[in-house]
Amino acid sequence: MQLRSDLTCPACGAVEQLIMPTDACLFFHECSACHARLRPNAGDCCVFCSFGSVPCPPIQAGSTDCCAPVTTDGTPDSAS
């Protein structure tokens with residue numbers, strides 16, 4: 001499971017390395033360079049799946065539900 005993703009702003013091309021949460025979706029992100037508000041592309045569940053170098057942890061784990069929490073080893077979080 002990779003938790004770091006390079007998020008590339010579609011407005012200005014700036015790249016930020018971010019650590020992805022394993023217990024929540026990131027629907028919005030403000031670019032630190034141009035302050036554009038990033039939203040997922042149609043059909044994508046989060047900004048990492050749209051603009052990241054690595055998809056979000058639930059998608060990496062093979063889930064069809066992006067918002068399903070996963071543990072850092074990639075297994076579903078049964079405590080949720």
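Just so we're clear, the structure is a prediction, and the values are computed from it rather than from any experiment.
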Asks: Could you check whether any side-chain N or O of S50 sits under 3.5 Å from a backbone N or O of N41, counting only pairs where one atom can act as donor and the other as acceptor?
Replies: yes

Asks: Rounded to the nearest 0.5 Å, what's the gap from SG on C56 to CE on M1? Could you check?
Replies: 9.0 Å

Asks: Can you list the other members of the hydrophobic cluster that holds L26, where links are side-chain heavy atoms under 4.5 angstrom apart?
Replies: L7, L18, M20, L38, V47, F48, F51, V54

Asks: Do we get R37 above F28's six-membered ring, with its NZ or CZ under 6.0 Å from the centre and within 45° of the axis?
Replies: yes

Asks: Of all heavy-atom pairs between C9 and A36, which one has the smallest distance, and what is that distance?
Replies: SG-CB, 4.3 Å

Asks: For G52, is there any backbone N or O sitting under 3.5 Å from a side-chain donor or acceptor partner on S5?
Replies: no

Asks: With sequence neighbours excluded, what pairs up with S32 under the side-chain contact (heavy atoms from CB on, under 4.5 Å) test?
Replies: E16

Asks: Less than 4.5 Å apart, side chain to side chain, heavy atoms only: is that true for P40 and C45?
Replies: no

